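Scroll down for the structure; my scribbles are underneath it.
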Amino acid sequence: MNIPLRPQPVINNLAGENALFIVLGINSNPDHSGIIDFLANFSALVRSMANRFPNSQFTASLGIGSHAWDLLFPDLNKPKELQPFQEIKGSKYTAVATSGDLFFHIRANQMAICYELASIIHDQLKESSYPISETKGFRYFDGRAILGFVDGTENPEHEIAKEIAYVGEEDIEFLGGSYVFIQKYLHNMEMWKALSTEEQEKVIGRKKYDDVELSDDVKPQNAHNVVSKAHDADGNELKILRANMPFSNPSEGESGTFFIGYSRSFNITKTMLENMFLGKENGHVDRLLDFSTPVSGSLFFVPTFDFLEDLAE
Ligand code: HEM
């Protein structure tokens, strides 16, 4: 058995100030050898960039969608939970499902470094793929969402994050891989800014300025940090690793959050989404959705570098 030793660097507590999120579709062409070569060489590309820019907090990871997996690897097994994301339709709001074959999450302190890798990827894949979406995220002050609240506080610490983000013995062939779910949200900033700070705090469940969690007697049942929590059958809390970033084009009136969650099991992320969009047992839909509309939603699998390099054979 080939034990994978090198997961892609999805866990990064020092992730750079900037990020590029790129989703591509694969052209319908029976010969996918160009893409396979690219995938097999991806770790070398990442290594080269990290060597060129050692102090830039550069990292990049690559995810493969369910449809692409079937297309590219008809003779290989598939990660147990890799399927196209199915939309979640609640009584008020819908988590839409959108297409995507390859996903790139590129992070660095300077956007120029993110751009450098994106442009190499484009050169190598332009004949075999087409663009679906590209979003430029930036770190907003002390890691805030564009809504003004610190985002990522309850993320697991580095060592625990490994347990949470990487597939374990439950799917031995894909040990060290990760499920990444992405959703691009647009915020209604006018509605949001019309709320008082106290009211905004009740939507998120934390204080705005200092990020302190609201006490249970003040926190409403439909606050985001109440509704989004997932638990197993024994009541233990289940976690994922979030690496959201804000994006904004103020003059065009477009501001949002690029939600990105890595997990060892997509089911955990899915439970969080169901809680948010369908409501928990008590029927509370996430109030954050009154100000946030997802315009995309796709699931990808991030295999280890070992898996990708083996494709060269
Ligand atoms: C509109 C997009 C979103 C925004 C702006 C947002 C923002 C936030 C903020 C500000 C917090 C509080 C600080 C923290 O613990 O990180 C938070 C917590 C959290 N969010 Fe989100 N979030 C979004 C979407 C999502 C989605 C789609 C999920 C799950 C699929 C999710 C899962 C969570 C979880 C699990 C927590 C921690 C709850 C806790 O344990 O206290 N979020 N989010």
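Any value given below was found using the heavy atoms of this structure, including those in side chains, with hydrogens, waters and symmetry copies removed. All ligand and atom numbering here is 1-based and tracks the order in the structure. All values derive from a computational prediction rather than experimental measurement.
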Task: Numbered atoms of ligand 1 (with element) below 4.0 Å of Arg206, judged on heavy atoms - done: 12 (C), 13 (C)
TODO: Just jot down the salt bridge (charged side-chain N to carboxylate O under 4.0 Å, His left out) partners of Asp31, sequence neighbours excluded, or say none.
DONE: none
- [ ] Could you pull out the atom name of the N/O/S atom in His224 that is nearest atom 21 (Fe) of ligand 1?
- [x] NE2
Open item on the list: Can you name the atoms of ligand 1, numbered from 1 with element, that are less than 4.0 Å from a heavy atom of Leu273?
Closed with: 27 (C), 30 (C)
Task: Within-cut-off N or O pair, Thr153 and ligand 1, under 3.5 Å - done: yes
- [ ] Can you sort out which atoms of ligand 1 are near Gln183, meaning under 4.0 Å from one of its heavy atoms?
- [x] 27 (C)
Open item on the list: So for ligand 1, is Lys239 a polar contact partner (N or O within less than 3.5 Å, distance only)?
Closed with: no
- [ ] Taking only Lys NZ, Arg NE, NH1 and NH2, and the carboxylate oxygens of Asp or Glu, determine whether Arg144 and Asp151 approach each other closer than 4.0 Å.
- [x] no
- [ ] Could you tell me which atoms of ligand 1, counted from 1 in the order shown, lie closer than 4.0 angstrom to a heavy atom of Ser292?
- [x] 1 (C)
Task: Candidate with minimal heavy-atom separation from atom 36 (C) of ligand 1, of Arg144, Met272, Arg242, Lys184 - done: Arg242
Task: Lys/Arg N to Asp/Glu carboxylate O, Glu154 vs Lys239, below 4.0 Å - done: yes
TODO: Mark yes when over 12 heavy atoms from residues, nucleotides or ligands other than Lys89 sit less than 6.0 Å from its NZ; otherwise mark no.
DONE: no
Open item on the list: Whether Arg264 and Glu163 form a salt bridge (side-chain N of Lys/Arg under 4.0 Å from carboxylate O of Asp/Glu) is what I want to check.
Closed with: yes
TODO: Check Glu213 against ligand 1 and report side chain, backbone, both or neither, counting heavy atoms closer than 4.0 Å.
DONE: neither
Open item on the list: Show me which atoms of ligand 1 lie under 4.0 Å from any heavy atom of His187.
Closed with: 1 (C)
- [ ] Enumerate the atoms of ligand 1 whose separation from the nearest heavy atom of Glu237 is less than 4.0 angstrom.
- [x] 40 (O)
Task: 4.0 Å heavy-atom contact, Gly152 with ligand 1 - done: yes
TODO: Report, in ascending order of atom number, the atoms of ligand 1 lying under 4.0 Å from any heavy atom of Tyr185.
DONE: 1 (C), 2 (C), 27 (C)
